[in-house]
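Here's the structure we're looking at; comments come further down.
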Amino acid sequence: MNPLMVKVIIVSIIAVSGGVAGFSAFKYYNLSQTAYSINNFIPENSTFVAHISSGSTSAIVFSANNSIGVSLSMSFSSFMGQLNNTSNSTVRQPLNISIVGNYDGFEIYEMNGLNLLSLLVNQLNLTTNATTYADNLSLTSLLPSNYTTIYIAPIGFNGVLLGMPAGVYAAIAAGSSGHNFAFNKYINPNANLSFYFNGSTPIISTITANITYSQSGNITLNAYVNFTSPVYESAFIASAALVFGQMNATFTYHAYNTLIEFTANFTGSGLTNLTQAMKIP
């Protein structure tokens, strides 16, 4: 998968308000009309995959090879256009962009001066509490807050890869070879947030969860949890029934040996209790 790319790169210095002197920005013109599915650029060995929907834009965050990466449904030109308007909390220092090289037909650039989690929050217009969720999922252990070197690669005219170097290279290799994550098996793109976790812990082997917000403001959590022993599954059922009951949430489940499927619906005061449990101020 090596499409012919003809491009012109224009480097400009753009002033940024709030005391940041400026940063370099690329305008990228790709004459190839190749369209790729961002779902295909997720490494097969990913231990964590999350699909986040925000308006017309979606992002797939993954962890593979001890590295974090993001496959974003946004053109490179739109990405850079939004980057020009990033908040001061996103731009940690004057931003420098340089060409790294070509890998499997995809150009890779390096950007210095950005924090990846803050950048993702800004580009998708998400709440800044997303960093809290990332911390709870142990993603920040792979991406410290002071890590400000990001690789970025345009994928066709409708997608962008960004992340730590190993993550970007692994994502391109997945898209080129076809050895990618079984996205449609584990992820529900119609949910507001859908994620898969394979941590191989002593208690839980895999988790697949979908969170959906209704127009009335209710939240539905549907999850599949595969435990390493029926004993742990029984303990979880008893604990979950108690916890969700205290949140005034309805809780239904089906158990199959070590696999449990459960659904919890949060309304009214249950939503308040849920936000408190998720540490949202």
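Just so it is clear, the model here is predicted, and its values are computed rather than measured.
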Report the C-alpha distance between Ser63 and Ile68 in whole Å, list the side-chain angles of each, state the deciding distance to 0.1 Å, and finish with yes or no for side-chain contact (heavy atoms from CB on, under 4.5 Å).
CA-CA 5 Å; Ser63 173; Ile68 297 293; 3.9 Å; yes

Would you please test Phe262 and Leu221 for side-chain contact (heavy atoms from CB on, under 4.5 Å) and show each step?
CA-CA 8 Å; Phe262 73 89; Leu221 167 64; 4.0 Å; yes

side-chain contact (heavy atoms from CB on, under 4.5 Å) assessment of Asn180 paired with Asn40:
CA-CA 6 Å; Asn180 40 41; Asn40 295 333; 3.7 Å; yes

Tyr232 vs Phe227, test: ring pair (Phe, Tyr, Trp, His ring centres under 6.0 Å). Steps then yes/no.
CA-CA 6 Å; Tyr232 297 133; Phe227 293 88; 7.5 Å; no

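Aromatic ring orientation, Tyr196 versus Phe181: tilted (interplanar angle from 30° to 60°).
The distance between the ring centers of Phe195 and Phe197 does not fall below 6.0 angstrom. For an aromatic pair to be called close, the ring centres must be under 6.0 Å apart, and Tyr103 with Tyr151 fails this.
Using a distance-only test at 3.5 Å, with no hydrogens or angles considered, no donor-acceptor pair links the side chain of Ser176 to the main chain of Ala173. Looking at Thr208, its side chain never comes within 3.5 Å of a backbone N or O of Tyr224 through a donor-acceptor pair. For the pair Ser71 (side chain) and Ile60 (backbone), a donor-acceptor distance under 3.5 Å is absent.
Closest approach of Glu44 to His179, counting heavy atoms only: CB-O, 3.3 Å. Nearest heavy atoms, Asn65 versus Ala170: ND2-CB, 3.5 Å. The two residues Pro43 and Phe41 come nearest to each other via the heavy atoms CD-O, 4.0 Å. Taking both residues in full, the closest heavy atoms of Ser46 and Phe62 are given as OG-CB, 3.9 Å, listed atom of the first, atom of the second, then distance. Across every non-hydrogen atom of Ile38 and Leu72, the tightest pair is CG2-O, 3.7 Å. Between Pro230 and Asn257 the shortest heavy-atom distance is CG-OD1, 3.7 Å.
Of the inter-residue distances, the one linking Leu162 atom CG with Tyr109 atom OH reads 14.5 Å to the nearest 0.5 angstrom. Rounding to the nearest 0.5 Å gives a distance of 11.5 Å between OG of Ser98 and CD1 of Ile108. The CZ atom of Phe76 sits 12.0 Å away from the CD1 atom of Ile155 when rounded to the nearest 0.5 Å. Interatomic distance, Ile211 CD1 to Ile219 CD1, rounded to the nearest 0.5 Å: 7.5 Å. To the nearest 0.5 Å, the span separating CE on Met247 from CG on Leu242 amounts to 10.5 Å. Tyr213 contributes atom OH, which lies 11.0 Å from atom CZ of Phe266 (distance to the nearest 0.5 angstrom).
Heavy-atom neighbours of Phe236 CZ from other residues, nucleotides or ligands within 6.0 Å: above the threshold of 12. At most 12 non-hydrogen atoms from other residues, nucleotides or ligands lie less than 6.0 angstrom from OH of Tyr253.
Ser73 and Ser58 share a donor-acceptor pair across their side chains, judged by distance under 3.5 Å alone. If you check the side chains of Thr258 and Asn226, you find a donor sitting under 3.5 Å from an acceptor. Using modelled atom types and a 3.5 Å distance limit, the side chains of Asn265 and Thr220 yield a donor-acceptor pair. There is no side-chain donor-acceptor pair under 3.5 Å between Thr206 and Asn198.
Contact annotation: the side chain of Leu259 never approaches that of His254 to less than 4.5 Å [non-hydrogen atoms, C-beta and beyond].
No chain of hydrophobic side-chain contacts below 4.5 Å, direct or via other Ile, Leu, Val, Met, Phe, Trp or Tyr residues, connects Val231 to Val225. A chain of hydrophobic side-chain contacts below 4.5 Å, direct or via other Ile, Leu, Val, Met, Phe, Trp or Tyr residues, connects Ile99 to Ile152.
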Pair up each side-chain donor or acceptor in residues 183-191 with any protein partner under 3.5 Å, not counting sequence neighbours, and list the distances.
from   : atom 1 : to     : atom 2 : distance (Å)
Asn188 : OD1    : Asn190 : N      : 3.0

